[in-house]
Amino acid sequence: MKVKLVKIGNSSGIRLPKTVIQECGFENEVMLDVRHKSVILTASTSVRQDWEKQIEQDLILKPINQKGEWQW
């Protein structure tokens, strides 16, 4: 797909069609990477996304032992 660069202040940008934004799962932010003269956009994920679920599944502390101390 060919798109034109548009002037945005001192910068340039492109407009992405709504269908492309939806298909890629883009929301308010995207990750931009430049490799070998190519621009790669990927959906941005929060570093803290699903922390609660991860803690519940993988990082749960063992139950308190009979002395009332945590077991790590």
Side-chain angles (χ1 to χ4, degrees):
M1 168 185 318
K2 189 182 266 190
V3 295
K4 293 190 180 222
L5 288 174
V6 293
K7 194 79 170 151
I8 303 172
N10 291 331
S11 301
S12 295
I14 62 168
R15 290 191 179 103
L16 299 174
K18 182 178 180 180
T19 54
V20 171
I21 293 170
Q22 290 173 337
E23 184 176 333
C24 293
F26 294 163
E27 292 181 8
N28 294 331
E29 293 182 337
V30 297
M31 297 298 296
L32 182 141
D33 194 17
V34 177
R35 295 185 199 156
H36 310 290
K37 296 186 179 184
S38 295
V39 175
I40 301 167
L41 298 176
T42 53
S44 177
T45 57
S46 172
V47 175
R48 296 181 180 147
Q49 184 177 0
D50 298 326
W51 269 18
E52 289 180 12
K53 186 186 293 184
Q54 188 70 29
I55 289 171
E56 289 174 6
Q57 292 176 359
D58 299 333
L59 304 176
I60 294 179
L61 299 175
K62 293 181 181 178
I64 297 176
N65 65 20
Q66 292 182 357
K67 294 180 185 177
E69 300 170 348
W70 284 99
Q71 296 177 3
W72 297 88

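FYI, side chains are in, hydrogens and waters are out, and symmetry mates aren't considered; it's all heavy atoms of this structure.
Through direct or indirect side-chain contacts shorter than 4.5 Å among Ile, Leu, Val, Met, Phe, Trp and Tyr, Ile8 is connected to Val6. Cluster partners of Ile40 are absent, since no Ile, Leu, Val, Met, Phe, Trp or Tyr has side-chain heavy atoms less than 4.5 Å from it.
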Taking distance alone, no hydrogens or angles, what donor-acceptor pairs closer than 3.5 Å link side-chain atoms of residues 12-33 to residues at least two apart or in another chain?
from: Asp33; atom 1: OD2; to: Arg35; atom 2: NE; distance (Å): 2.6
from: Asp33; atom 1: OD2; to: Arg35; atom 2: NH2; distance (Å): 2.9

